[in-house]
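What follows is a single structure, written as structure tokens, with notes after it.
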Protein chains: 2
Amino acid sequence: MHHDSGTRADALDGLDEAILRELSMDARASYAEIGAVVSLSAPAVKRRVDRLRARGVVRGFTVRLDPAALGWSTEAFIELFCHGSTSPATMQTAVERYPEVVSASTVTGDVDLMVQVRARDMRHLERVVERLAAEPFVARTRSTIVLSALVRRPEVPPALAD
Amino acid sequence: MHHDSGTRADALDGLDEAILRELSMDARASYAEIGAVVSLSAPAVKRRVDRLRARGVVRGFTVRLDPAALGWSTEAFIELFCHGSTSPATMQTAVERYPEVVSASTVTGDVDLMVQVRARDMRHLERVVERLAAEPFVARTRSTIVLSALVRRPEVPPALAD
DNA sequence: AGTGAAAAGGCGCACCA
DNA sequence: TGGTGCGCCTTTTCACT
């Protein structure tokens, strides 16, 4: 068995990529509209999307919101230095309870956990930092405040742009 | 003019928040389905969504993809130390040409630009770092590789969770 | 601002190439 | 795998509240 076609994710073809590109721009586009762009009939598009969902490539569909318009104007990176024996699972359960946390990743280097948060204002951010610093496994924190967001394409697929 | 209802973004009410919560979970949900949850008729839901789009709160709808399933398994934070006189505009135009860049922000502290990138593998990541380091305005870079993504809710609205 | 009904159009399935 | 046809549901508009 040289190739693992079927269960595993073989590279998607140009049609799949084109469909994902359309969905990334407007996830509420009708299958007919997408089909018109990628030269496919609506049912054919739907079947490919269903297949992509089943394969796990497509995890779902979301709305793109403007955080500032919702009153969340403050953003920061909080680096967490943790006690040596802290497991990723411990970090995860602790950190995912914060609605302010946008992303959290264990990283290489002297920092153990890189946490990205969004808060309503500086006062709110300060409280979040204090709460994170008070977590039992946290030894020290280092905060870096975002001045301006130059680029932001979070859920956008990099594979569709090069 | 005491209140600025209409053009400006007054705080959204509970109904708007409930609708956005539904859309954040499934942006392809029908207006009827959303209406069933928030106790509203389909046309009423549509009008509120249209209003939220017009207000700029809703910027659009996207697909949530699994980067790993697309073959983008390597992630990193690249901190850029720039020459003193570099404007944010210069940084932005340079950095947004990279399809690998997920986000880029000017930040406080000794680092000038915090860049988050996604690459296919380490070799690819290395090339991106080298290209960024070769940008004329970049003095030095510091890379931090993501070991595991503990939390990831990029376009998800924090306002709907607390 | 929300409801309800009617027209237009998209969806989803079965079937064919 | 992709295309077609048809029943059904959704979207969309309009008059009414």
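Lettering follows sequence order; numbering is per chain, from 1. Quantities reported herein were computed from a predicted structural model and do not represent experimental measurements.
- As a member of the Ile/Leu/Val/Met/Phe/Trp/Tyr network built from side-chain separations under 4.5 Å, B:Leu147 groups with nothing else and remains a singleton.
- For B:Tyr31 and D:dT12, the OH to C1' distance is 10 Å, given to the nearest whole Å.
- In this structure, B:Arg28 contributes its side chain and A:Ala27 its backbone to a donor-acceptor pair below 3.5 Å.
- In DNA chain C, consecutive stretches of 3 or more Watson-Crick or G-U wobble pairs with both distances under 3.5 Å are given as paired ranges: C:1-6 with D:12-17, C:8-17 with D:1-10.
- Look at A:Asp26 and A:Arg21 and you find no salt bridge, because none of the NZ, NE, NH1 or NH2 atoms lies under 4.0 Å from a carboxylate O.
- Both A:Glu33 and A:Asp50 sit near DNA chain C, but only A:Glu33 has its closest nucleotide nearer the 5' end.
- A salt bridge links A:Arg152 with A:Glu75: the distance from a Lys NZ or Arg NE/NH1/NH2 to an Asp or Glu carboxylate oxygen falls below 4.0 Å.
- Taking atom CZ on B:Arg28 and atom C1' on D:dT10, their separation rounds to 12 Å, with Å as the unit.
- For residues 78-89 of chain A, the set of pairs meeting the side chain to side chain donor-acceptor pair (under 3.5 Å) definition, not counting sequence neighbours, comprises A:Glu79-A:Arg142, A:Ser87-A:Thr90.
- For the pair B:Arg118 and B:Phe77, the cation-pi criterion (under 6.0 Å, within 45° of the ring axis) is not fulfilled.
- At a non-hydrogen distance threshold of 4.0 Å, B:Leu40, B:Ser41, B:Pro43, B:Ala44, B:Arg47, B:Arg48 from residues 34-49 of chain B come into contact with DNA chain C.
- In this structure a side-chain-to-backbone donor-acceptor pair under 3.5 Å is missing from A:Glu96 to A:Thr93.
- Of all nucleotides in DNA chain C, those with any atom nearer than 4.0 Å to a heavy atom of chain A start and finish, going 5' to 3', at C:dG10 to C:dC13.
- Other cluster members for A:Leu113: A:Ile78, A:Leu80, A:Met91, A:Val95, A:Tyr98, A:Val101, A:Val115, A:Val117, A:Met122, A:Leu125, A:Val128, A:Val129, A:Leu132, A:Phe137, A:Val138, A:Ile145, B:Leu150, B:Val151, joined by side-chain heavy-atom distances under 4.5 Å among Ile, Leu, Val, Met, Phe, Trp and Tyr.
- Note on A:Arg55 versus B:Asp66: no salt bridge recorded, every NZ/NE/NH1/NH2 to OD/OE distance being 4.0 Å or above.
- Across C:dG12 and D:dT12, the matching P atoms stand 16 Å from one another, rounded to whole Å.
- Salt bridge annotation for B:Arg127-B:Glu100: absent, with no cationic side-chain nitrogen under 4.0 angstrom from a carboxylate oxygen.
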